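First comes the structure, then the notes that go with it.
Small disclaimer: the values here were computed from a predicted structure and weren't measured. For reference, positions follow the sequence shown, starting with 1. Computed over heavy atoms, backbone and side chain alike; hydrogens, waters and symmetry mates excluded. Counting starts at 1 for both ligands and their atoms, in listed order.
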Amino acid sequence: MRPRPRKRQTTIVHPAGFDGGVVRVPGDKSISHRTALLAGISSGTSEIRGFLQAEDCLNTLKAMESFGARSWIDDEGVLSIQGTGGKMIEPAGPLDVGNSGTGMRLLAGLCAGSPITVTLTGDASLNSRPMRRIKEPLELMGAQVELTPQGTAPMTIRGGKLHGMEYSLPTASAQVKSCCILAGLYAEGRTTVLEPIPTRDHTERMLRAVGAPIRVEGQNISVDGYGPKGPKFLARPYVVPGDFSSAAYWLAAAAAIPGATVRAEGVGLNLRRTALLDVLRRMGARVEIERTSAPTDPEVYGNVTVYGAELKGTEVGGAEIPNLIDELPLVAMLGALAQGRTVIRDASELRVKESDRVAVMVENLAGMGVAVAEQPDGMVVEGPAKISPTKSIRSYGDHRIAMSMSILAIFADQPVTIANVACVDTSYPEFWEQLSQLGVKVE
Ligand code: S3P
């Protein structure tokens, strides 16, 4: 990764400006994690274009190296991963995966079926997030998972002979689903996971692309295990599309400025990720989508253009939530700019992300002069508000809070300083550069 000085705080100048334009965002984080895992257990060397070189995914890559894979990145940013052929060796010490829930939960599933003991740990945020949700299914399959008394990491997994199972996910979580499916690859027999609500399906798509025996029937996903020797996937080329969740910041900014336009090119358009576009339309913005991927590509991608408008409030909840889970801080901030009331419900999962995103967004919106009411499973935002900071804005070390509040700061009536923004490097190190490219004045 190019060395980049870590940014501690940022000030969005007043008037901030926002010219809009064309953006190409870096690679999808969820897909990059999964690519590192699958290429890491394949036989031979896979070449990956568009891999997200941000802290979270690089930590997952490092973890795969501790299991025996090798990796290198060339001058053009193409990542090569020489896989282990399915076998996982025991790492020399604990694996620190930093800030990433995806990294920790997917790696836990991947190593649970090998005869090794692995300790996974992370930063203070990750080590406070719930991990019983993966301990339970992994132990049902035959692994042993040790957590702190609070049910958090550091987590020690004693892998072993796994057997397939049928498991109903208590919460809609792609991370837990993927953890079970990856463990299922090393199990004897069939593992079936039942989702209460469909969540992002990158793992399923990628496994299908490498020829794994995976079947999706409605909300049931089944995989036939290869047993403790693990799957025999062959190395292959991968192309990671741009991250819709990163493009979302620019699309949301444009949506709230009548006359503004942003076009995000080469971005992932998986429907389980793009519900924000439906929300932007409901709020009054115009959205155009142009698919450029081939029908044979595992993932759909293309270009999205958003044309800004006077926005009106909307409600989000139910089955839509998993499809915009990481964009909910943006929906909340758009609610502050829209005419009328915006309601977010059925989103209690937001409370166990990199921060308690319900509490933190409520605190920060209130600190910007917005009338907002906290609910157990979401919030109610009244708009349009005069965006005027009355206190300092804090990210609580959560990248999506830091970026969402930076976008809201564009609309403020004075400069806004946001503290603790180094966390942006976990998912989107180019964020500040791209913010400036789109005409926003940043100090
Ligand atoms: C992710 C799934 C989501 C999402 C996270 C990435 C993934 O978490 O919030 O940023 O890559 O599977 P949950 O599955 O726990 O909701």
Side-chain angles (χ1 to χ4, degrees), residues 27-38 51-52 54-57 59-60 97-110 122 125-126 128-137 151-153 169-183 193 195-207 219 221 240-241 243-249 268 270 272-276 299 319-331 344 346-358 361 377-378 398-404 423-424 426-428:
D28 185 276
K29 183 149 81 97
S30 290
I31 298 176
S32 294
H33 279 294
R34 288 154 172 84
T35 309
L37 263 61
L38 284 195
F51 184 84
L52 175 62
E55 287 169 9
D56 277 6
C57 300
N59 281 329
T60 292
V97 296
N99 189 243
S100 176
T102 307
M104 184 171 281
R105 295 187 177 120
L106 270 57
L107 285 163
L110 190 73
S125 152
L126 181 55
S128 69
R129 296 178 63 186
M131 292 297 154
R132 287 196 185 108
R133 52 179 65 192
I134 61 167
K135 173 184 165 84
E136 180 183 286
T152 56
L169 291 175
T171 19
S173 164
Q175 293 178 357
V176 180
K177 168 178 67 173
S178 300
C179 171
C180 298
I181 296 173
L182 292 168
V193 187
E195 291 197 274
I197 302 177
T199 64
R200 65 189 68 189
D201 60 354
H202 304 303
T203 306
E204 297 91 305
R205 285 169 180 270
M206 213 174 274
L207 281 174
Q219 283 159 226
I221 302 106
V240 180
D243 197 322
F244 181 84
S245 295
S246 298
Y249 298 100
N270 185 320
R272 306 253 181 113
R273 294 289 301 281
T274 54
L276 177 72
E299 291 283 348
E320 194 166 45
I321 292 296
N323 301 343
L324 48 46
I325 186 78
D326 294 337
E327 286 65 67
L328 287 171
L330 276 175
V331 174
I344 297 173
D346 306 320
S348 48
E349 272 297 294
L350 270 192
R351 292 195 181 271
V352 291
K353 294 293 177 188
E354 286 83 329
S355 69
D356 176 343
R357 287 182 180 160
V358 173
M361 278 310 288
D377 65 342
D398 182 336
H399 58 134
R400 303 226 178 268
I401 300 292
M403 291 187 278
S404 298
C423 50
V424 168
T426 61
S427 72
Y428 196 173

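Short contacts between ligand 1 and S30, defined as distances under 4.0 Å to a heavy atom of the residue, involve ligand atoms 1 (C), 6 (C), 7 (C), 11 (O). Remark: ligand 1 atoms within the under-4.0 Å shell around heavy atoms of I325 are 9 (O). Each of the atoms 13 (P), 14 (O), 15 (O) of ligand 1 lies under 4.0 Å from some heavy atom of S173.
Just one of C179, S173, C180 meets the side chain to side chain contact (heavy atoms under 4.5 Å, CB included) condition when paired with I134; it is C179. Between H202 and the choices R34, H33, E299, the side-chain hydrogen bond (donor to acceptor under 3.5 Å, both in side chains) rule is met once, by E299.
For the residue pair T426/E55, the side-chain donor-acceptor check at 3.5 Å is not satisfied.
The closest donor-acceptor contact from the side chain of K177 to the backbone of R200 lies under 3.5 Å.
Nearest protein heavy-atom neighbour of atom 16 (O) of ligand 1: K353 NZ, 3.0 Å. Counting protein heavy atoms only, atom 14 (O) of ligand 1 is closest to A174 N, 2.7 Å. Closest protein heavy atom to atom 6 (C) of ligand 1: T102 OG1, 3.3 Å.
Residue contacts with ligand 1 for R34 involve side-chain atoms from C-beta outward but no N, CA, C or O (heavy atoms, distance under 4.0 Å). Within the 4.0 Å heavy-atom criterion, the part of R200 lying near ligand 1 is the side chain and not the backbone.
Residues L328 and I321 meet the side-chain proximity criterion, which asks for heavy atoms closer than 4.5 Å.
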Go through S245 and R273 one step at a time and tell me if the side chain to side chain donor-acceptor pair (under 3.5 Å) criterion holds. CA-CA 8 Å; S245 295; R273 294 289 301 281; 3.0 Å; yes
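Of the candidates D326, D201, V176, it is D326 that places a heavy atom closest to atom 9 (O) of ligand 1.
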